[in-house]
Amino acid sequence: MRDATGAGGDTVHRRRLEAALDGTVRATGASVGMLYLTGPGERVLHLVLVGGVSREFAAPWSRVGPDDPVPVAVAVREGRLVWLGSQEEMARLYPRVGLVLPYDFTLAAAPVPGSALPGSPAKAAPTGTATAGTGTTDTASPAPTDTGAAATAAAGGLVLLWSGSHPPYLDQREKDAIGAGCRSLAQVLRQAADEGHAVQPLPAPAVLRPPPPPTPGPVEAAAVLAFVRRLPGASCALDLNGRITFATPEAAGLLGAPLSRLIGALPWEALPWMDTPAVEDHYRGAVISRLPRSFTALRPPDHPVRFELYPDDSGISVRMGPGDDLTEADADRAAGGSPPPAPVPSRATALYQLMHLAAGLTEAAHAHDVVEQAADQLVPALGAQAMALFVVEEGRLHIVGHRGYPDELAARFDGRPLTDEGAGTGVLRTGRPMFFADREEVRAAYPDADIEQGMAAWAVLPLIASGRPVGTLILGYSRPHPFAPGERAILTSIAGLIAQALDRARLYDTTHQLAHSLQTSLLPHVLPDVPGLEVAARYLPAAHGLDVGGDFYDLIRIDDTTVAATIGDVQGHNVNAAALMGQVRTAVHAVAGAPPGEVLARTNRLLTDLDPGLFTSCLYVHIDLARHSACLATAGHPPPLLRHPDGPVDVLRLRPGLLLGIDPGATYTATEIPFTPGTLLALYTDGLVESPGRDIDDTIDATAAHLAVTHDRPLEPLADELIRHARRASPRHDDIALLLLRSRQALP
């Protein structure tokens with residue numbers, strides 16, 4: 001074992017800790033052991049010791065948050081043993097881990113008891129309930145009991161991995177060994193702390209070295225070497241880090257590289273043609289599962305090489321040979337026997353595409369975005385030909401999108417109650433996926449199933465988020481498709497990711513609809529028809545966000561010849577801003593008809609009394625159509641534009657007033673202007689004119705210049721033109737409100 005020293009830790013105690021972990025791994029028969037400890041004053045779990053795999057393998061899990069969805073965090077947080085008896089169970093319960101490690105292994109995680117030190121993440125219970133492995137009802141937990149009265153909190157966590165050949169349950173001997181191992185680790189940690197040498201996490205975990213094999217004598221060593229050389233074919237050996245420790249001359253010849261380049265190197269570093277995700281994935285699978293694996297790689301220009309990997313706890317033995325040898329099944333197919341199976345992408349290819357899907361799902365804002373991401377990435381990655389995605393709503397399954405299925409078929413399944421006897425609803429009741437390799441398997445399970453003629457195999461996956469069913473994912477294959485355990489695990493993992501993305505997207509869609517309804521209800525549905533006044537209004541939500549904000553406009557008819565117009569912008573883009581906007585509109589309505597300065601002053605006093613914590617800009621205009629005049633007052637709002645009947649446009653830079661909601665004693669000055677027939681007054685919010693990197697005065701002047709050349713167009717198309725001009729000038733990140741007012745011919 002490697003000696004690991006570090007600040008705050010004593011070499012002797014670290015050696016004892018390594019010995020305790022090594023002894024636990026041996027006693028349980030595990031192939032991999034990992035020890036996590038909390039840092040001083042932290043709740044984060046740090047990986048301090050690892051045995052059975054390289055440090056690089058453990059790097060993604062070197063730091064685990066207390067609430068992370070990984071087994072060791074759950075074990076420490078809940079003070080119980082977590083047991084995962086199959087690759088598929090790992091994928092179903094911990095999709096993030098199952099996606100990154102889609103290999104055949106079993107796993108146990110248990111809390112290591114310790115003193116109630118600051119930063120300990122959870123209390124460790126003396127007993128608990130283990131997550132039962134697939135195919136077993138044994139849920140007894142070997143959660144460790146502590147040996148000291150003061151030790152009531154978890155000091156860390158122990159993780160053990162067994163090979164894929166391990167049964168899907170723990171026997172009593174293994175349970176006892178796990179409990180004893182946790183107590184042994186806790187005793188070493190407690191003794192180190194009592195002696196003033198508390199073991200602290202290092203920047204990188206220490207790695208336990210496998211015990212050296214017995215050293216053979218000269219005669220025995222010569223006999224072994226002669227034995228290896230007499231064997232036909234090529235062979236080499238790798239350590240658990242993947243480096244070549246031995247190779248025969250035949251191996252060097254087959255690989256096309258001298259022994260001097262191979263010994264001590266990683267295969268994919270020494271041989272560029274082996275630098276592919278698939279090759280490294282096979283190596284990783286052999287190390288994690290401790291099961292034999294085989295694959296073929298192409299040595300340029302056209303020399304396929306067959307590799308057979310035989311792993312154990314000390315390394316991997318590799319046999320090699322020409323890759324053009326046909327297996328018996330291959331020979332049968334070549335002779336005209338059974339047709340070749342449907343092509344299935346390699347695991348490495350599928351994983352990388354699924355990782356891309358996972359990244360895309362993080363950006364999916366709406367449910368239809370989730371459907372598009374899944375259809376674009378998942379279907380080709382796994383060799384499927386069709387996909388349908390359903391969500392649970394009011395006790396029924398409703399389709400949100402499909403690809404590869406005809407619309408008529410999707411419509412037949414849409415709206416089916418969850419009580420319906422079918423695979424799509426059955427997986428939601430059990431929480432477990434169903435895989436049908438061919439039509440016969442479907443008919444055996446569901447004799448009355450409505451089978452699509454174009455499909456021959458199906459994967460039906462429940463979408464579970466936060467412990468509750470949110471929908472069903474159905475993948476269809478045009479040819480019979482046996483689902484290997486690894487493929488089932490990948491499908492189950494990605495179903496978990498889609499479920500989380502879909503649940504988040506549906507929440508966003510619901511919030512979006514609520515916000516849109518709120519915004520619509522607060523803005524005027526119809527502007528009043530005022531004789532002698534032409535009016536047009538637009539509201540455009542920001543390009544991003546919830547499509548709700550604080551921009552508002554209104555037109556208030558006071559009598560037959562006078563009207564009040566107002567426009568404003570409440571700080572923020574959320575429901576609070578929209579609610580305050582409604583209050584501002586109500587306040588302006590209540591005092592409309594008073595002089596503009598007084599209207600703003602009264603509204604300001606109301607807002608400061610409410611103390612909403614948000615500020616509002618506002619422009620109020622009192623128009624007297626009989627006198628052909630308008631009186632304006634502003635509370636920090638962008639200046640209106642006035643287009644004269646003969647074409648020129650003025651930017652009305654009014655005397656500014658303080659934003660509403662800041663100072664209850666603020667006063668506002670009114671300015672009177674002529675408003676003769678043909679005069680156009682444009683009121684707007686800053687979303688129309690703001691442009692990143694440009695001075696707002698320049699953009700206001702540019703908008704005024706554009707308005708000057710629009711001639712006497714009707715206001716409805718003119719409003720659309722101004723919005724398009726704003727969008728062309730620069731991407732908009734704020735809401736836009738626009739209110740156009742034009743005096744018509746003189747009143748009789």
Side-chain angles (χ1 to χ4, degrees), residues 88 91-93 95-96 98-99 102 345 350-351 353-358 360-362 364 366-393 396-406 409-416 418 420 422-437 442 445-446 449-452 455 457-478 481 483 487-506 509:
E88 186 173 335
R92 179 168 55 87
L93 298 176
R96 185 192 301 179
L99 185 63
L351 281 175
Q353 287 183 302
L354 294 178
M355 287 292 191
H356 183 63
L357 169 62
L361 290 176
T362 63
H366 301 278
H368 66 82
D369 296 331
V370 176
V371 174
E372 291 302 312
Q373 288 285 345
D376 291 342
Q377 300 296 329
L378 184 62
V379 172
L382 297 173
Q385 282 71 49
M387 183 207 78
L389 189 62
F390 296 84
V391 297
V392 176
E393 289 181 354
R396 294 179 178 271
L397 276 181
H398 293 277
I399 193 163
V400 292
H402 61 92
R403 182 78 61 85
Y405 283 118
L409 180 68
R412 288 206 305 270
F413 283 91
D414 189 31
R416 291 199 173 184
L418 297 183
D420 185 38
T425 55
V427 295
L428 292 178
R429 289 192 292 270
T430 64
R432 296 182 179 276
M434 294 183 182
F435 300 95
F436 304 100
V442 176
Y446 299 98
D450 187 1
I451 298 178
E452 163 62 22
M455 297 296 151
W458 295 265
V460 185
L461 307 165
L463 303 179
I464 309 295
S466 302
R468 56 186 177 81
V470 299
T472 300
L473 173 66
I474 298 178
L475 294 171
Y477 298 78
S478 60
H481 188 96
F483 294 91
E487 186 178 8
R488 294 187 181 205
I490 290 175
L491 286 168
T492 305
S493 293
I494 207 63
L497 296 176
I498 290 176
Q500 295 170 16
L502 184 62
D503 192 44
R504 183 179 62 251
R506 292 183 66 202
D509 286 340

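Sequence positions, counted from 1, serve as the residue numbers for this chain.
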Show the nearest heavy-atom pair for residues [X] and [Y], with the distance to one decimal.
X	Y	result
Leu473	Leu389	CD1-CD1, 4.0 Å
Leu428	Val392	CD1-CG2, 3.7 Å
Val460	Ala423	CG1-O, 3.6 Å
Ala386	Met455	CB-CE, 3.6 Å
Val427	Met434	CG1-CG, 3.6 Å
Ala459	Leu491	CB-CD1, 4.1 Å

Specify whether Phe483 and Phe435 have parallel, tilted or perpendicular ring planes, treating 30° as the upper limit for parallel and 60° as the lower limit for perpendicular.
->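 Tilted.
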Taking the side chain as every heavy atom from C-beta outward, state whether His398 and Phe390 have any atom pair closer than 4.5 Å.
->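 Side-chain contact under 4.5 Å: no.
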Determine whether a donor-acceptor pair (N or O, by modelled atom type, separation under 3.5 Å) exists between the side chain of [X] and the backbone of [Y].
X	Y	answer
Arg403	Val371	no
Thr492	Glu88	no
Thr425	Asp420	yes

Who pairs with Ile464 by side-chain contact (heavy atoms from CB on, under 4.5 Å), at least two apart in sequence or on another chain?
->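 Once residues adjacent in sequence are excluded, the partners of Ile464 under the side-chain contact (heavy atoms from CB on, under 4.5 Å) criterion are Pro462, Pro469.
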Output all residues satisfying salt bridge (Lys or Arg N to Asp or Glu O under 4.0 Å) with Arg396, sequence neighbours left out; order by chain, then residue number.
->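 Arg396: no salt bridge (Lys or Arg N to Asp or Glu O under 4.0 Å) contacts found.
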Evaluate the criterion side-chain contact (heavy atoms from CB on, under 4.5 Å) for residue pair Val470 and Val391; output intermediate values, then yes/no.
-> CA-CA 6 Å; Val470 299; Val391 297; over 6 Å; no
By ring pair (Phe, Tyr, Trp, His ring centres under 6.0 Å), which residues pair with Phe413, not counting sequence neighbours?
->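 For Phe413, no residue satisfies ring pair (Phe, Tyr, Trp, His ring centres under 6.0 Å) once neighbours in sequence are set aside.
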